[in-house]
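Written below as structure tokens is the structure these notes are about.
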Protein chains: 2
Amino acid sequence: MNTAAFADFRSYPLISALTAVHPLADRLEVHWADGRISPYHHVWLRDNCPCPQCVYTVTREQVLEIVDVPDDLTAAAARIDDSGCLCIDWQDGHASRFDPGWLRAHAYDAQSRAERQAGKPKSRLWDSSLELPVFEFAALKADPNILLHWLLALRDTGLTQVRGVPTEPGSLAEVAKLIAFIRQTNFGVLFNVQSKADADSNAYTAFNLPLHSDLPTRELQPGLQFLHCLVNDTEGGESIFVDGFAIAAALRQEDPAAFSALCEIPVEFRNKDRHSDYRCLAPIIALDSLGQVSEIRMANFLRGPFDAPTEQMPVLYGAYRRFIAMSREARFRLIRRLDPGQLWCFDNRRILHARNAFDPATGARHFQGCYIDRDELLSRILVLQRQ
Amino acid sequence: MNTAAFADFRSYPLISALTAVHPLADRLEVHWADGRISPYHHVWLRDNCPCPQCVYTVTREQVLEIVDVPDDLTAAAARIDDSGCLCIDWQDGHASRFDPGWLRAHAYDAQSRAERQAGKPKSRLWDSSLELPVFEFAALKADPNILLHWLLALRDTGLTQVRGVPTEPGSLAEVAKLIAFIRQTNFGVLFNVQSKADADSNAYTAFNLPLHSDLPTRELQPGLQFLHCLVNDTEGGESIFVDGFAIAAALRQEDPAAFSALCEIPVEFRNKDRHSDYRCLAPIIALDSLGQVSEIRMANFLRGPFDAPTEQMPVLYGAYRRFIAMSREARFRLIRRLDPGQLWCFDNRRILHARNAFDPATGARHFQGCYIDRDELLSRILVLQRQ
């Protein structure tokens with residue numbers, strides 16, 4: 001049993017016990033029972049001291065600033081105590097005590113870092129054969145474990161359907177708040193997707209909408225999009241989805257030059273009406289620091305004129321046409337009609353969605369939508385996983 | 001006079017008249033009265049056709065998708081008409097007509113692109129000698145031109161004060177809505193900055209808060225932060241501001257290796273309590289595509305343990321300590337006490353703010369705060385500039 005504090009609300013299981021600690025000039029070398037050896041610099045250990053002087057116990061936020069500790073502070077003594085914690089007496093008289101579970105979880109030897117990297121969640125790419133993850137609203141409300149499964153499906157597969165949602169306007173907010181508060185935009189908190197004479201977006205017409213992400217015109221595209229069907233009596237209007245990451249992966253394979261152009265040449269997207277004028281300049285495909293596809297930004301109807309050096313213009317058009325053409329291929333597309341009481345919830349930064357044209361003369365069609373950001377999804381997952 | 005449509009709500013003044021148009025294999029070469037020559041590829045022109053078949057006139061959003069036009073489409077004829085517009089008859093029978101003001105504004109010859117780049121707004125760096133931009137709430141409400149000046153000061157200087165704001169709780173929302181809706185967070189829509197026993201952030205204590213940006217724990221740090229003083233009878237609690245871009249520029253000059261480390265090594269920031277667990281991994285200094293400093297992400301009390309390869313750890317600590325030490329230098333700091341009815345509004349992604357400790361025993365202190373994102377600020381500026 002150990003009782004060392006840490007600046008966190010999570011628990012850190014004991015992976016392996018501390019067996020020895022060796023002081024070096026600028027660091028301690030810690031040995032674990034499973035044979036791993038982890039270095040911890042003196043400055044890192046002092047910085048992460050979890051004692052109540054260094055960390056405010058109520059917020060678990062640091063009050064120490066490392067710049068207030070001498071540059072050359074070293075440990076006067078280091079030992080493993082009876083409860084298996086690492087104890088350090090600093091030259092200036094301060095003392096620190098580290099939980100071995102916490103210490104291992106934050107070890108920065110190469111092997112520990114590689115393990116953490118490998119343990120990160122990965123996107124599961126999909127095509128037209130996707131077995132759609134479907135959840136019942138009642139079950140999501142009743143069971144935190146089913147809720148967690150829904151959120152993990154959103155994070156890793158990116159497309160889900162929820163059924164059994166009331167069809168009263170505003171009911172969507174009840175579903176959204178299972179995750180967090182809603183991200184407001186200039187289109188409102190909940191927006192009504194209906195054909196309107198005074199539309200301020202092609203989404204509010206009966207036109208077909210080509211595959212797109214919502215609000216590519218914002219620096220941060222909304223992380224999750226919800227579309228809730230209240231009424232759907234019209235002919236047409238089917239929902240179409242593709243996994244933008246899967247298309248990007250195929251493009252990378254089949255036409256690397258086109259893939260590079262979409263990663264490198266920024267494109268401007270614009271949402272404008274009489275009261276707003278949003279613009280965002282960014283590449284269509286974003287890569288993370290490891291070179292993996294991390295985001296798709298795409299909406300033909302919101303795109304500004306391409307602005308690129310003359311010699312790049314044909315390259316950009318070739319790549320753009322190729323990407324759109326691929327997104328129209330049957331191998332990638334999932335097509336479904338949404339019925340009243342059902343809703344789509346999907347990763348708006350990965351999954352492109354489209355709508356077939358519908359005929360407003362054949363009946364009523366009323367969807368409501370809203371957004372929640374990825375930060376809120378990931379926070380909710382981490383809190384549910386604490387249990 | 002010309003009457004050509006365009007897919008926008010802005011106007012495009014005539015900079016120079018069209019004098020000639022020469023067809024080449026894949027593009028038109030357009031000559032302007034001021035001697036400039038601009039190439040426009042056929043595909044670019046066809047893509048940007050503003051006719052009511054290609055652009056829905058209500059939303060001014062494109063309905064044409066360029067992938068539906070043959071790859072090798074070329075102009076059958078091109079001429080300048082009596083009103084000075086560029087008219088094109090396409091081989092497939094479609095016809096396009098382009099306003100010369102619009103065409104020049106979107107020209108992508110090297111000179112036109114360089115002009116546009118040079119015309120982009122630039123940050124005005126400041127130090128402790130800043131003459132603080134101060135605005136009266138009544139004037140902001142009454143005069144759209146003064147409102148625009150406030151917003152431009154926020155965009156370019158990053159720190160402003162507004163005076164004459166009512167001290168009733170909630171009044172801040174009236175100021176915020178001069179720009180746009182408020183960005184909600186897990187701390188609420190308006191948050192109360194008061195010392196609380198059950199604080200979920202060190203901000204809600206009487207501690208000093210070191211220089212920081214708010215919510216570095218989110219993928220998108222809030223663009224604007226408001227802090228409105230309702231009551232301030234305590235001793236201490238002065239506000240301190242530094243221009244993070246100015247400090248980064250000085251660091252780049254004085255210690256290029258430290259600057260690079262803060263640009264390259266990602267750091268994790270965390271907001272956690274019993275109900276949320278936000279984390280964001282990103283470098284402290286972000287650069288834009290031109291290598292210019294575009295964002296500072298910093299809050300020592302929200303920082304997680306550094307996670308970097310062993311050999312980088314001393315480099316990262318050295319750079320981090322240096323940045324913090326610089327932010328404490330008098331040359332950069334502006335220190336002011338905020339009185340009731342005054343508010344700070346600043347660029348939270350550039351300006352770091354701090355608070356001296358205060359003594360709750362000496363009186364009451366109640367601030368309210370909120371956030372608006374940069375997208376909304378820039379949209380509001382563009383709409384006001386349309387007039």
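Every chain is numbered from 1 and lettered A, B, ... according to where its sequence line falls, protein lines coming before strand lines.
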Locate the shortest heavy-atom distance separating A:E65 from B:P210; write the atom from each residue and the value.
->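 Closest approach of A:E65 to B:P210, heavy atoms only: OE2-CB, 3.3 Å.
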Considering all heavy atoms of both residues, which atom of B:T59 and which atom of A:D200 are nearest to each other, and what is their separation?
->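 Nearest heavy atoms, B:T59 then A:D200: CG2-C, 4.0 Å.
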Gap separating the [atom1] atom of [X] from the [atom2] atom of [Y], nearest 0.5 angstrom:
{"X": "B:R349", "Y": "A:E219", "atom1": "CZ", "atom2": "CD", "value": "4.0 Å"}
{"X": "B:I182", "Y": "A:Q184", "atom1": "CD1", "atom2": "CD", "value": "8.5 Å"}
{"X": "A:R116", "Y": "B:D307", "atom1": "CZ", "atom2": "CG", "value": "4.0 Å"}
{"X": "B:Q221", "Y": "A:L220", "atom1": "CD", "atom2": "CG", "value": "12.0 Å"}
{"X": "A:K120", "Y": "B:L281", "atom1": "NZ", "atom2": "CG", "value": "5.5 Å"}
{"X": "B:Q62", "Y": "A:N202", "atom1": "CD", "atom2": "CG", "value": "9.5 Å"}

Considering residues, nucleotides and ligands other than A:Q53, do more than 12 of their heavy atoms fall under 6.0 Å from its CD?
->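 Not buried by this count: 12 neighbours or fewer within 6.0 Å.
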Less than 4.5 Å apart, any side-chain heavy atom of [X] and any of [Y]?
{"X": "B:R321", "Y": "A:I66", "value": "yes"}
{"X": "B:Y317", "Y": "A:H41", "value": "no"}
{"X": "A:R270", "Y": "B:D8", "value": "yes"}
{"X": "B:R303", "Y": "A:D47", "value": "yes"}
{"X": "A:T310", "Y": "B:Y108", "value": "yes"}
{"X": "A:W102", "Y": "B:P305", "value": "yes"}

With chain A, which of B:F301, B:F181, B:Y40 has the greatest number of heavy-atom pairs at distances under 4.5 Å?
->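 The residue among B:F301, B:F181, B:Y40 with the greatest pair count is B:F181.
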Heavy-atom contact with chain B under 4.5 Å, split by part of A:I381 |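 Nothing of A:I381, per the 4.5 Å heavy-atom cut-off to chain B.
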Charged N to carboxylate O below 4.0 Å: is that the case for B:R218 and A:D373?
->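 A salt bridge is absent here (no side-chain N lies under 4.0 Å from a carboxylate O).
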Any salt bridge between A:D68 and B:R328, counting N to O under 4.0 Å?
->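 So A:D68 pairs with B:R328 through a salt bridge.
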Is [X] close to chain A through its backbone or its side chain, or both, or neither, when contacts mean heavy atoms under 4.5 Å?
{"X": "B:P309", "answer": "both"}
{"X": "B:R60", "answer": "both"}
{"X": "B:Y320", "answer": "side chain"}
{"X": "B:F207", "answer": "side chain"}
{"X": "B:S112", "answer": "neither"}
{"X": "B:N300", "answer": "both"}

Among A:L382, A:D375, A:L378, which one satisfies side-chain contact (heavy atoms from CB on, under 4.5 Å) with B:Y278?
->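 So the option named by the test is A:D375.
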Go through the steps for A:N271 and B:E61 under the test side chain to side chain contact (heavy atoms under 4.5 Å, CB included), then give the verdict.
-> CA-CA 9 Å; A:N271 262 129; B:E61 291 174 359; 4.2 Å; yes
Hey, does the side chain of B:R274 reach the backbone of A:F9 with a donor-acceptor pair shorter than 3.5 angstrom?
->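 Side chain of B:R274 to backbone of A:F9, a donor-acceptor pair under 3.5 Å: no, none is there.
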